[in-house]
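Okay, so here's the structure we're looking at.
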Amino acid sequence: KKGKAWAQMMLGSWYAVGKGVKKDEKRAIVLYNLAAEQGDAQAQYNLGCMYRDGKGANKDEKRAVELFTLAADQGHPKAQFNLGIMYDEGQGVDKDDKRAVEFYTLAADQSHANAQCKLGVMYANGQGVDQSLTKAREWFTKAASQGYEDAINALKILDEMEGRTTNS
């Protein structure tokens with residue numbers, strides 16, 4: 001499994017942050033592209049981040065969405081989460097709460113705490129799903145059990161809304 005594409009992706013990640021080499025985001029993009037073209041999901045994700053953030057290349061949210069989609073289709077939870085954000089906020093795509101929920105759910109089902117928390121928010125607000133404080137609580141609890149502070153705080157707010165007492 002760890003072949004040429006993996007090596008290119010790893011080398012790209014070192015150039016992206018300057019780990020053991022001089023930081024060179026343009027070189028990172030070249031290496032990520034080589035690995036991404038071979039189907040490496042991590043390289044597709046990393047490259048998507050570079051385009052989303054405008055690092056080493058001009059900011060291109062549409063390209064970021066394309067790359068995140070390639071990685072998400074391979075089950076990459078961070079890519080799925082980032083696609084959720086893009087649809088949630090209308091970055092590089094039309095805002096679409098239902099699509100955001102789909103991608104948050106894919107990542108949340110793989111224990112991505114931030115996605116679990118975002119999904120809790122979507123249920124709490126009835127965005128892209130029928131409002132359900134029960135489901136919101138379920139997702140916040142999963143994220144909170146991983147120590148995710150936003151989810152812990154969200155549970156406290158839910159408790160206050162529902163008149164529950166918490167042991168703090």
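All values below were derived from every heavy atom in this structure, side-chain atoms included, with hydrogens, water molecules and symmetry-related copies excluded.
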From [X] [atom1] over to [Y] [atom2], what is the distance, rounded to the nearest 0.5 angstrom?
| X | Y | atom1 | atom2 | value |
| --- | --- | --- | --- | --- |
| Glu138 | Leu119 | CD | CG | 10.0 Å |
| Gln127 | Asn125 | CD | CG | 5.0 Å |
| Leu158 | Thr141 | CG | OG1 | 8.5 Å |
| Thr105 | Trp139 | OG1 | CH2 | 6.0 Å |
| Tyr104 | Asp109 | OH | CG | 15.0 Å |
| Asp60 | Asp53 | CG | CG | 12.5 Å |

Walk me through it: do Asp40 and Lys4 pass the test salt bridge (charged side-chain N to carboxylate O under 4.0 Å, His left out)?
-> CA-CA 10 Å; Asp40 187 279; Lys4 184 176 171 185; over 6 Å; no

Within-4.5 Å side-chain heavy-atom neighbours: [X] and [Y]:
| X | Y | result |
| --- | --- | --- |
| Val30 | Tyr15 | no |
| Asp88 | Met122 | yes |
| Asp130 | Lys135 | no |
| Lys19 | Ser13 | no |
| Phe103 | Phe81 | no |
| Asp150 | Phe140 | no |

Contact list for residues 89-100, test side chain to side chain donor-acceptor pair (under 3.5 Å), sequence neighbours left out |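 Counting only pairs at least two positions apart or across chains, the side chain to side chain donor-acceptor pair (under 3.5 Å) contacts touching residues 89-100 are Glu89-Gln91, Lys95-Asp97, Arg99-Glu102.
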
Applying the 4.5 Å side-chain criterion to the ILVMFWY set and letting contacts propagate, would [X] and [Y] be lumped into a single cluster?
| X | Y | answer |
| --- | --- | --- |
| Tyr148 | Leu106 | no |
| Ile85 | Leu67 | no |
| Ile152 | Ile157 | no |
| Leu31 | Val21 | yes |

Sole residue of Lys78, Gln74, His76 in side chain to side chain contact (heavy atoms under 4.5 Å, CB included) with Gln42 =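 Considering Lys78, Gln74, His76, a side chain to side chain contact (heavy atoms under 4.5 Å, CB included) with Gln42 is found only for His76.
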
What heavy-atom pair brings [X] and [Y] nearest, and what distance separates the two atoms?
| X | Y | value |
| --- | --- | --- |
| Ile29 | Gly56 | CG1-O, 3.9 Å |
| Ala35 | Ala5 | CB-O, 3.2 Å |
| Met9 | Tyr32 | O-CE2, 3.4 Å |
| Ala107 | Ala115 | CB-CB, 3.6 Å |
| Ala79 | Ala71 | CB-CB, 3.6 Å |
| Ala151 | Ala143 | CB-CB, 3.5 Å |

Side chain to side chain contact (heavy atoms under 4.5 Å, CB included) evaluation trace for Asp159 with Arg137 | CA-CA 9 Å; Asp159 287 343; Arg137 178 177 296 281; 3.0 Å; yes

Without swapping roles, check the side chain of Glu61 against the backbone of Arg52 for a donor-acceptor pair under 3.5 Å.
->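 No.
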
Looking only at atom types and distance, does a side-chain atom of Gln110 sit under 3.5 Å from a main-chain N or O of Gly75, one as donor and one as acceptor?
->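 Yes, the answer is positive, given that a donor and an acceptor are paired below the 3.5 Å cut-off.
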
side-chain contact (heavy atoms from CB on, under 4.5 Å) with Val65: which residues, sequence neighbours excluded?
->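 Testing Val65 for side-chain contact (heavy atoms from CB on, under 4.5 Å), a comparison that skips the adjacent residues, returns Thr69, Leu83, Met86, Val93.
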
Write out all pairs satisfying ring pair (Phe, Tyr, Trp, His ring centres under 6.0 Å) with one or both partners inside residues 50-70, taking only residues at least two apart or from two chains.
->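 Matches after skipping sequence neighbours: Tyr45-Phe68.
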
